[in-house]
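The next block holds one structure in the form of structure tokens; read it before the comments.
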Amino acid sequence: RKEVEQDPGPFNVPEGATVAFNCTYSNSASQSFFWYRQDCRKEPKLLMSVYSSGNEDGRFTAQLNRASQYISLLIRDSKLSDSATYLCVSHSGNTPLVFGKGTRLSVIA
Amino acid sequence: DAGITQSPRHKVTETGTPVTLRCHQTENHRYMYWYRQDPGHGLRLIHYSYGVKDTDKGEVSDGYSVSRSKTEDFLLTLESATSSQTSVYFCAIRAGTGVEVLSGANVLTFGAGSRLTVL
């Protein structure tokens, strides 16, 4: 079982919709989590860090459920510019970060 | 944006030739990483470095070697390129030592990528 798993999608949603992605992790020792955004043919860029139960930044909300070992990303009022692949990342101690394969989002006009 | 550059950005080469990709940072970060990204596989760690001359293998290290003689440079070498090494290669840097739990120092910053095609 891969350490970080995501639904690959694609999620096709209309502009203005609310969309949520889940990510599950298998390492219970994971201490911090991140969501990265990757545009087509570009490098991943940090979207949000998740250290405690959750984090909110404008239209984006990330939540962490340690008991069930999953992290979610909620995007409200989707914009065309939100179309991208969203990567879930877990981190534990002094080991390399572990990336999920990503969830593809397409926001449609 | 963090100062991290990769070169070359694009390269086409033939099977059996050596290839070296360079990652250069101006942030004085301790950790540097090389990933490859392929459809259906996501980002996979090749090698990483936790200091000058200190490197370790990732999950897909076969066929690759690395060197870090200076803090700012991390080189990835394919001694004899194969078609299976056609990929997009990303370098990344991280400031933290790993023990700073719940810290922005654990965030990875990526370079723009190097697209390698092996014919």
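Within every chain, numbering begins at 1; the chains are lettered A, B, ... in the order of the sequence lines, protein sequences first and strands thereafter.
In the hydrophobic clustering, where aliphatic and aromatic side chains (Ile, Leu, Val, Met, Phe, Trp, Tyr) are joined below 4.5 Å either directly or transitively, Leu119(B) groups with Val12(B).
Taken to the nearest 0.5 Å, the CG atom of Leu87(A) stands 7.0 Å off from the CD atom of Gln37(B). Atoms CG and CG, on Leu46(A) and Leu108(B) in that order, are 9.5 Å from each other to the nearest 0.5 Å. With values rounded to the nearest 0.5 angstrom, Lys42(A) atom NZ is found 10.0 Å from Phe90(B) atom CZ.
For chain B, the nearby part of Gln38(A) is the side chain; its heavy atoms alone come within less than 4.5 Å. With a threshold of 4.5 angstrom between heavy atoms, Phe33(A) does not approach chain B through any atom at all.
The two residues Tyr33(B) and Pro96(A) make their nearest non-hydrogen contact at CE2-CB, 4.1 Å.
Transitive grouping of hydrophobic side chains (ILVMFWY, heavy atoms separated by less than 4.5 Å) keeps Leu74(A) and Phe34(A) in distinct clusters. Residues Tyr70(A) and Leu47(A) are members of separate hydrophobic clusters, defined by side-chain heavy-atom contacts under 4.5 angstrom among Ile, Leu, Val, Met, Phe, Trp and Tyr.
Among residues 97-109 of chain A, the residues having any heavy atom closer than 4.5 Å to a heavy atom of chain B are, in sequence order, Leu97(A), Phe99(A), Lys101(A). Residues of residues 38-64 of chain B that come within less than 4.5 angstrom of chain A, heavy atom to heavy atom, are Gly40(B), His41(B), Gly42(B), Leu43(B), Leu45(B), Tyr48(B) in numerical order.
Within 6.0 Å of CD in Gln63(A) there are 12 or fewer heavy atoms belonging to other residues, nucleotides or ligands.
With sequence neighbours excluded, the residues that form a side chain to side chain contact (heavy atoms under 4.5 Å, CB included) with Leu75(B) are Thr20(B), Arg22(B), Ser67(B).
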